[in-house]
Amino acid sequence: MRRLRTRLAGALVSVLALTLTATACGGPADAKSAAPTASTASANRVEPLTGTARPALPVTTRSADGRKVTVEKADRVVPLSGSLSEIVFTLGLGDRVVARDVTATFQQASELPVVTRGHDVSAESVLSLGPDLVLAETTTGPDEAVDQIRAAGVPVLVVPAAQGLDDVGRRIGAVADALGVPAAGARLTERSETRIAAARTAVPDRRTRPRVAFLYLRGSASVYLIGGKGSGAGSLIEAAGGIDAGTESGLTKDFTAITSEALVKAAPDAILVMTKGLESVGGVDGLLKIPGVAETPAGMDRRIVSVEDGVLLNYGPRTDQVLTSVVTQLYREDGAK
């Protein structure tokens, strides 16, 4: 499961999305603003900063793979994950992005050419676009394709894969520094972290925390997995006031095949899924037919929390919206769908 976490973010690419604001913001006041409301929202769009200065280049920075990377130009940028694309666009530099990964599902990137096959990078497709800079994650692959891009003389900055909420600011900073816009990175980090903090205030003060199991579903391939330690969902579940049921039940792998025994031990009060994954098994009714699900407290209450595939585990500028969606669904009164 070497690259499963990255693939999960967009394995079942969705045209559905969280409600996100389209109102552009900029300057210090942005960081203090509350999370966007549904009444001012536009579906599946990122919210760029305004007033971002032209990149001050060249810069030399340290890549997560240990290499020093010197960026001379950033006129043609290729981010190789949806999360990295979101960061570049939200920094206000989306006009410099010339391609996208299949997991970049937001509207502003939708017309860009895709340079991945499935979830593997096509070096030929990337190089044909003449990029000045390629942004990758530690889980980007195959390694041969990344090496081929680097061997062609294109700077490749590798950013650590996101594991949780604490990574939001670090990833924004790494991308902003490489693009020569550190001040914009600081502004976006402050805005993102402030909005995440605001979203956390909506979590009800409960004596008993709900147990939430993250299930990865791909009905067309008969893939049914439960997340454990390292799945990437634990940080989000905890921020929403819950307990990661898979990890708490003793699952030490990032993902384990679903069994009735594993579900009984996890005993989730709610189940977190990706929207397209849920659709792939026939919705909530289909999910309840997976052995063991109907017998859990979550199954009996039909308490299912679904979030659009392309943003659930991104841990980036839209994570406050993800958290708000999870909190809203997790604590709704009837728990029915």
Would a distance-only check, ignoring hydrogens and angles, find a side-chain to backbone donor-acceptor pair under 3.5 Å from [X] to [Y]?
X: Q108; Y: V46; value: yes
X: S63; Y: V158; value: yes
X: D167; Y: G164; value: yes
X: R218; Y: V223; value: no
X: T296; Y: V293; value: yes
X: Q329; Y: S306; value: yes
X: D244; Y: I237; value: no

*Only one of V98, L179, V175 clears side-chain contact (heavy atoms from CB on, under 4.5 Å) with V77; which?*
L179
*Which residues pass the salt bridge (charged side-chain N to carboxylate O under 4.0 Å, His left out) test with D166, sequence neighbours left out?*
none
*What residues form a salt bridge (charged side-chain N to carboxylate O under 4.0 Å, His left out) with R100, not counting sequence neighbours?*
none
_I'd like to check the side-chain contact (heavy atoms from CB on, under 4.5 Å) partners of E72; sequence neighbours left out, ordered by chain and number._
P58, T70
What distance do [X] atom [atom1] and [Y] atom [atom2] have between them, rounded to the nearest 0.5 Å?
X: T90; Y: L49; atom1: OG1; atom2: CG; answer: 7.5 Å
X: R318; Y: T324; atom1: CZ; atom2: OG1; answer: 13.0 Å
X: Q163; Y: S231; atom1: CD; atom2: OG; answer: 9.0 Å
X: I196; Y: S192; atom1: CD1; atom2: OG; answer: 6.0 Å
X: L312; Y: S325; atom1: CG; atom2: OG; answer: 9.0 Å
X: I243; Y: E238; atom1: CD1; atom2: CD; answer: 9.0 Å

Salt bridge between [X] and [Y], side-chain N to carboxylate O under 4.0 Å?
X: E137; Y: R171; answer: yes
X: D147; Y: R150; answer: yes
X: R302; Y: D285; answer: yes
X: E248; Y: R209; answer: no
X: K276; Y: E279; answer: yes

Within-4.5 Å side-chain heavy-atom neighbours: [X] and [Y]:
X: S280; Y: S220; result: no
X: F89; Y: P317; result: no
X: R62; Y: K68; result: yes
X: D309; Y: T275; result: yes
X: I304; Y: V273; result: yes
X: I290; Y: L217; result: yes
X: F214; Y: L313; result: yes
X: Q321; Y: E47; result: no

For the student: nearest non-hydrogen atoms of [X] and [Y], plus distance:
X: A174; Y: L157; answer: O-CD2, 3.8 Å
X: T61; Y: A178; answer: CG2-CB, 4.3 Å
X: T138; Y: A64; answer: CG2-CB, 3.9 Å
X: L80; Y: T140; answer: CD1-CG2, 4.0 Å
X: R96; Y: P55; answer: NH2-CD, 3.3 Å
X: P79; Y: V88; answer: CG-CG2, 4.3 Å

Sequence neighbours left out, cut at 3.5 Å: what donor-acceptor pairs do the side chains of residues 263-270 make with other protein atoms?
| from | atom 1 | to | atom 2 | distance (Å) |
| --- | --- | --- | --- | --- |
| K265 | NZ | S249 | O | 3.4 |
| D269 | OD2 | R211 | N | 2.8 |

*Going through the checks in order, is the side-chain contact (heavy atoms from CB on, under 4.5 Å) test met by L330 and V212?*
CA-CA 9 Å; L330 183 58; V212 184; 4.0 Å; yes
*asked:* The test is side-chain contact (heavy atoms from CB on, under 4.5 Å); show your working for L236 and Y315 and say whether it passes.
replied: CA-CA 9 Å; L236 184 65; Y315 292 113; 3.5 Å; yes
*With side-chain contact (heavy atoms from CB on, under 4.5 Å) as the test, would you mind laying out the steps for V159 and I87 before giving the verdict?*
CA-CA 12 Å; V159 179; I87 293 173; over 6 Å; no
_Can you pull out every ring-ring contact (aromatic ring centres under 6.0 Å, His included) where at least one residue sits in residues 289-313? Sequence neighbours excluded, please._
none
Cut-off 3.5 Å, no hydrogens considered: what does the side-chain donor-acceptor table look like for residues 123-135, sequence neighbours left out?
| from | atom 1 | to | atom 2 | distance (Å) |
| --- | --- | --- | --- | --- |
| S125 | OG | S122 | OG | 2.9 |
| S128 | OG | S125 | O | 2.7 |
| D132 | OD2 | D75 | N | 2.9 |
| D132 | OD2 | R76 | N | 2.8 |

_Walk me through whether L278 and L287 qualify under side-chain contact (heavy atoms from CB on, under 4.5 Å)._
CA-CA 7 Å; L278 183 61; L287 174 61; 4.0 Å; yes
